[in-house]
Structures are given as C-alpha cells and as structure tokens.
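This one's a predicted model, so the numbers in the text were calculated from it and none came from an experiment. Convention: sequence-line order gives letters A, B, ...; per-chain numbering from 1. Hydrogens, waters and symmetry mates are skipped; everything else that's a heavy atom, side chains included, is used.
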Number of protein chains: 2
Amino acid sequence: MKRTRMSGAACPVARSLDAIGDWWSLLIIRDALDGMRRFGEFQKSLGVAKGILTTRLRNLVALGILELAPASDGSAYQEYLLTEKGRALFPVVVSLRQWGEQYLYAPGEAHSLLVDNEGERPVERLELRSSDGRVLGWTDTTVRKLPSSSPKRRSQM
Amino acid sequence: MKRTRMSGAACPVARSLDAIGDWWSLLIIRDALDGMRRFGEFQKSLGVAKGILTTRLRNLVALGILELAPASDGSAYQEYLLTEKGRALFPVVVSLRQWGEQYLYAPGEAHSLLVDNEGERPVERLELRSSDGRVLGWTDTTVRKLPSSSPKRRSQM
DNA sequence: CAGTATCCCCCCTGATACTG
DNA sequence: CAGTATCAGGGGGGATACTG
C-alpha cells in the first residue's frame with residue numbers, strides 16, 4: 001500500500017498499529033484467542049480469500065505473534081498457535097470488544113457477552129489504574145516522552 | 001478498498017474494527033486524547049496528506065466519535081472534540097500502547113511512558129477482572145453468544 | 001485440507017495546486 | 001489556516017483455478 005511505515009515510530013501506539021493495525025490481523029488474533037488453530041478454521045470464520053489469509057498468517061508468524069506447530073491431531077499439516085506476545089494482545093481485543101458492545105449496537109440489539117468461566121458472570125470493564133489502585137481516566141494521565149528527561153504537559157502519545 | 005464490511009457483524013470486535021480499524025483513525029484519536037483539536041495539529045503530527053485527513057475526520061464525526069465545535073480561540077475555524085463515545089476509546093489506545101511498549105521495542109531502546117498525573121508514577125497494566133475482582137487471563141473467559149441462550153465452549157468472539 | 005499462483009480492479013495513498 | 005480538487009500509482013482485496 002506504500003503507506004507510511006511506522007515501525008520506527010517513537011510512539012508505541014503507532015508501532016502497534018503498524019504491526020497489527022490492518023483489517024485482518026486482529027480478527028485472526030481474536031479467533032486464535034478463541035481457540036482456533038487451523039488455516040481452514042480461520043478461513044471459514046473470516047470469509048477471507050485464502051491468499052490474503054496466507055499473507056496475514058505469514059506476517060503474524062514473522063512478527064512472533066503466532067508460531068507454527070505440528071498438528072495436534074494426526075494430520076500432516078501445521079497449526080498456528082499464539083505466542084506469549086500474541087496472547088498479550090488479549091486486552092487489545094477485549095477493549096475493542098467492550099467499546100463495540102457499548103457503542104455500536106442499537107439499544108435493543110442483542111450482542112455476545114464476555115463472561116468469566118467461573119460462575120459465567122459478565123466480566124468488568126477494563127480499567128486503567130494507578131500504582132496505588134485508583135482508576136484513571138483519560139485526563140488523569142500524561143505521556144512522558146522518555147523515562148528520564150521529561151516534558152510536563154501531555155504531549156505525543 | 002471494497003473490503004468486506006463488518007458493520008453488521010455479530011461480533012463487536014469486528015464492528016469496532018470496521019469503524020476505527022484503519023491506519024489513521026486510531027492515531028487521530030490518540031492525538032485527540034492527547035489534547036489536539038485542530039486540523040493543522042493533526043496534520044502536522046501525523047504527516048498525513050490533507051485529503052486523507054479530511055476524509056478520516058469527516059468519518060469520525062459521522063460515527064459520533066468526534067464532534068465539531070467553534071474554535072476556543074478567536075479564530076473562525078472549527079475544532080474537533082472527542083465525544084463520550086470517542087473518549088471511551090481510551091482503553092483501546094492504552095492497550096495498544098502497553099503492548100507496543102512491551103513487545104515492540106528492543107531491550108535497550110527507550111520509549112515513552114504513560115504516567116499518572118498525580119505523583120507521576122507509571123500506570124499499571126490494564127487488567128481484566130471478574131465481577132468479584134479476580135484478574136482474568138485469556139483462558140478464563142468465554143464468549144457467550146447471546147445474553148440468554150448460550151453455548152458453553154469458547155466460540156466466536 | 002492447506003496452501004500457491006494468477007488476474008483484475010478498485011480505492012486508498014500521497015503530491016500538488018487551488019480557494020476562502 | 002483549513003480545507004477542496006485533481007491526479008498518478010500501486011498494492012491490497014477478492015475470485016478462481018491449480019497443486020500436494
């Protein structure tokens with residue numbers, strides 16, 4: 001796409017989006033977090049062209065988000081498993097899910113719900129907390145550019 | 001891009017990505033959360049072509065994520081302010097930020113840090129919690145398709 | 001089943017020039 | 001400053017056919 005690359009950006013948000021901010025990667029990761037492992041599972045779930053899926057999977061493996069493993073059943077094929085780096089995207093997917101649930105569905109419209117396995121109760125909303133446990137809103141935080149020398153005001157996030 | 005639309009998807013993650021899952025929107029929102037309001041600020045910060053920025057801003061306004069307001073200074077122009085729906089994307093941006101900080105920088109490489117305004121201490125990582133306060137990992141949750149009738153195993157997220 | 005190989009088209013991207 | 005208009009190009013996206 002010749003789009004401006006941000007892999008070298010100083011901003012972690014930009015770097016993250018550069019890695020997984022396309023239209024398919026996060027959906028693949030969502031499915032992987034959901035237990036999917038096989039090419040065909042992804043393909044059927046996403047309805048994406050096989051060629052595109054191949055590209056995306058290869059890219060996710062290259063990024064260290066997925067890894068290839070021999071199939072757990074007898075088959076001669078491989079499976080795509082989440083690495084720790086990939087599993088760490090859980091909060092990203094959950095935050096997207098929670099935002100969508102709250103703002104993208106009509107009042108009466110039913111939507112799926114993320115529940116705690118133990119007790120089957122809905123999970124809480126993700127909340128950002130300070131080191132002493134206070135809940136932090138978007139105005140309560142500042143991006144400090146470098147661990148050491150620091151500008152005071154909110155600057156580039 | 002003629003890509004498959006997911007605005008009608010049953011999965012909130014897909015709907016969210018359909019709305020803001022492109023290469024610029026979340027960066028605009030990041031900047032807006034950072035206090036930016038003016039066309040020129042976004043343009044300079046992102047280094048994006050003006051035409052593209054116009055499209056994206058218009059789309060975000062149409063989605064109800066940004067809203068137009070008269071300029072706070074004397075100027076005759078308008079400002080783009082986050083709505084509540086837009087501010088609710090804070091956890092999404094933070095989760096991307098934290099993931100990037102942890103996995104996208106070389107060991108020695110310095111990166112910016114999100115700090116609590118009060119005390120300037122780094123924030124905690126976002127954690128998902130159950131209704132009784134336990135921290136939940138990705139294996140501790142299940143997507144229940146509809147609030148009522150529910151399959152047991154992890155299914156489409 | 002799990003890809004690879006083509007093909008084409010569309011639209012996004014990025015520049016530049018222009019307007020109020 | 002805040003956009004709008006226009007244009008070139010290139011790569012993603014989708015479909016289909018093919019292979020092991």
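Between the CD atom of A:Gln43 and the C1' atom of C:dT4 there is a distance of 13 Å, given to the nearest Å. Regarding A:Glu79, its CD atom lies at a distance of 14 Å from the P atom of C:dC1, rounded to whole Å. The CG atom of B:Asn59 sits 11 Å away from the P atom of C:dT13 (whole-angstrom rounding). Distance, B:Trp23 CH2 to D:dG13 P: 6 Å, rounded to whole Å. Between the C1' atom of C:dC8 and the CD1 atom of A:Ile52 lies a distance of 13 Å, rounded to the nearest Å. Note: CG (B:Leu46) to P (C:dA15) measures 14 Å, nearest angstrom. Atom CG in A:Asp22 sits roughly 12 Å away from atom P in D:dG14 (whole-Å rounding). Rounded to whole Å, the distance from CG on A:Leu57 to P on C:dC1 is 16 Å.
Side chains of B:Ser72 and B:Glu79: a donor on one and an acceptor on the other come within 3.5 Å.
Here the nucleotide nearest the side chain of A:Phe39, chosen from D:dG13, D:dA2, C:dG3, is C:dG3. The side chain of B:Tyr80 lies closest to D:dG3, out of C:dG3, D:dG13, D:dG3. Nearest to the side-chain atoms of A:Ala49 among the listed nucleotides D:dG14, C:dA2, C:dG20 stands D:dG14. The side chain of A:Lys50 lies closest to C:dT4 when the candidates are C:dG20, C:dC1, C:dT4. Comparing C:dG3, C:dT13, D:dG14 by their nearest atom to the side chain of A:Thr54 picks out C:dG3. Counting only heavy atoms from C-beta on, A:Tyr77 has its side chain closest to C:dC1 among C:dC1, D:dG14, C:dG3.
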task: List the steps, then state whether salt bridge (Lys or Arg N to Asp or Glu O under 4.0 Å) holds for B:Asp140 with B:Arg134.
output: CA-CA 10 Å; B:Asp140 301 322; B:Arg134 283 171 295 114; over 6 Å; no
Report all side-chain donor-acceptor pairs from residues 46-65 of chain A shorter than 3.5 Å, counting only partners two or more places apart or in another chain.
| unit_1 | atom_1 | unit_2 | atom_2 | d |
| --- | --- | --- | --- | --- |
| A:Thr54 | OG1 | A:Lys50 | O | 2.9 |
| A:Thr55 | OG1 | A:Gly51 | O | 3.0 |
| A:Arg56 | NE | A:Asp22 | OD2 | 2.8 |

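At least one side-chain nitrogen or oxygen of A:Arg56 sits closer than 4.0 Å to the OP1 or OP2 atom of D:dG13. Under 4.0 angstrom from either OP1 or OP2 of C:dT4 there lies at least one side-chain N or O belonging to A:Arg58. OP1 and OP2 of D:dC1 both lie 4.0 Å or more from every side-chain N or O belonging to B:Arg38.
Under a 4.0 Å N-O distance rule, the pair B:Arg38/B:Asp73 qualifies as a salt bridge.
C:dG20 is paired with D:dC1 under the criterion used here, namely a Watson-Crick or G-U wobble arrangement in which both key atom distances are under 3.5 Å. C:dG14 is paired with D:dC7 under the Watson-Crick or G-U wobble criterion, all donor-acceptor distances under 3.5 Å.
Remark: A:Glu118 CD is loosely packed, at most 12 non-hydrogen atoms of other residues, nucleotides or ligands lying under 6.0 Å away.
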